[in-house]
Amino acid sequence: MPSEHGLLSQTFRIHQLQKLGVNLDKWDYVVALAGNPNTGKSTVFNSLTGLRQHTGNWPGKTVNRAEGAFSYKDNRYKIVDLPGTYSLLSTSEDEEIARNFILFGQPDVTLIVADATRLERNLNLTLQILEITPNAVLCLNLMDEAKRKGIKINEKALQQRLGIPVITTTARYGDGMEALLYAIEQVATDAWPTQQRFKITVPEKLEESIHALESDLKELYPDLPNTRWIALRLLEGDERVVDALKNDEFSGLMNSFQQPPLDLNAELDVLNTNEASS
Ligand SMILES: Nc1nc2c(ncn2[C@@H]2O[C@H](COP(=O)(O)OP(=O)(O)OP(=O)(O)O)[C@@H](O)[C@H]2O)c(=O)[nH]1
Ligand SMILES: [Mg+2]
């Protein structure tokens, strides 16, 4: 039985996912599929979900969204294919969708699909995602291409530095998918050790400013997830985040927490049924 606070944040999260357009039929865990454009995200998505998928648009946007389901061992997973982006910081609609989903949807696992032949560029997005959430898996895809080009990657060292599972795949031929599923399960079920997670250290002065801003944010929005991330963006002058604060967008998100939708109990029933049957 989750604690009262746990239950509240769970119901909040369910509502966030609904607002972000995720169908809540039946799932135990939500996986967000992120990565640079053209790294094989959709290939991985298809390989994991087969025909259990449907497509539409992101709510209020013209950007395509694919959502699918798969099961592994005893758990059911909902997976959402995010738009391909090089960063989560600037101003395109794609980046906003990916960023908002990872930040406010709080997926259980963010699966980052990277092009193994362009690792340096791809790690940029990886680090930005790790700033938001430690619950990630890095999939180094296009390994056939990397081998052909004579690129060797020490994935064990990378795994150690990043503190998340790093799995090599050739999604086009389905290579590495079982290992990928296992890694997703490890992170989703908290079986992956958390003590060595990646942390970006910043100068002490900056840390003080982050703390000051964080406590203001927490006072204004007690349930806002990732206040550290938002404080960092405010200090950088990220226009989107500054605008969100000015336009009281965060407050809108919090309102939905304080006034849960009428069918919330039905959603909780679904959750409880899932818990009971798993
Ligand atoms: N050689 C090779 N090609 C791959 C692999 N995985 C995917 N591809 C190919 O790479 C191309 C892009 O794959 P997608 O799955 O569409 O990539 P994506 O990341 O979804 O692309 P966007 O949604 O446009 O960002 C396709 O032609 C795939 O067949 C792989 O492991 N090896
Ligand atoms: Mg795609």
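Counting starts at 1 for both ligands and their atoms, following the listed order.
When all heavy atoms of D94 and G84 are compared, the pair lying nearest together is OD2-O, 4.2 Å. Of all non-hydrogen atoms in V30 and D108, the two that sit nearest each other are N-OD2, 2.7 Å. For the residue pair N141 and T39, the shortest heavy atom distance occurs at ND2-O, 2.9 Å. When every heavy atom of A136 is checked against every heavy atom of L130, the shortest pair comes out as CB-CD2, 4.0 Å.
Below 4.0 Å from some heavy atom of P37 lie the following atoms of ligand 1, by number and element: 25 (O). Close approach of ligand 1 to E145 is summarised as follows: ligand atoms under 4.0 Å from at least one heavy atom of the residue are 1 (N).
Rounding to the nearest 0.5 angstrom, the gap separating the CG atom in L123 from the CG atom in L162 is 6.5 Å.
The protein reaches atom 4 (C) of ligand 1 closely, with a heavy atom under 4.0 angstrom from it. In this structure, atom 20 (O) of ligand 1 has protein heavy atoms in its sub-4.0 angstrom surroundings.
Contacts with ligand 1 closer than 4.0 Å are made by heavy atoms of both the backbone and the side chain of N38. The parts of T43 lying near ligand 1 are both backbone and side chain, judged by heavy-atom distances below 4.0 Å.
A salt bridge links R233 to E236: one of the charged nitrogens lies within less than 4.0 Å of a carboxylate oxygen.
Closest to atom 16 (O) of ligand 1 among all protein heavy atoms lies S42 CB, 4.1 Å. When hydrogens are left out, the protein atom nearest atom 18 (P) of ligand 1 is K41 N, 3.5 Å; that is the closest non-hydrogen contact. Considering only non-hydrogen protein atoms, atom 1 (N) of ligand 1 sits nearest to D144 OD2, 2.9 Å. Nearest non-hydrogen protein atom to atom 27 (O) of ligand 1 is R172 NH2, 3.9 Å.
Residue side and main chain included, T43 places no N/O/S atom under 2.8 Å of the Mg ion (ligand 2).
L235 pairs with exactly one of I230, V241, L206, V202 by the side-chain contact (heavy atoms from CB on, under 4.5 Å) rule, that one being L206.
Residue N141 has at least one nitrogen or oxygen atom sitting less than 3.5 Å from a nitrogen or oxygen atom of ligand 1, judged on distance alone. Taking any N or O of G40, backbone or side chain, at least one lies under 3.5 Å from an N or O belonging to ligand 1.
The shortest separation from a heavy atom of A171 to ligand 1 is under 4.0 Å, placing the residue in contact.
At least one side-chain heavy atom of L234 sits under 4.5 Å from a side-chain heavy atom of V242. Within the 4.5 Å cutoff, no side-chain heavy atoms of N135 are placed close to those of V109.
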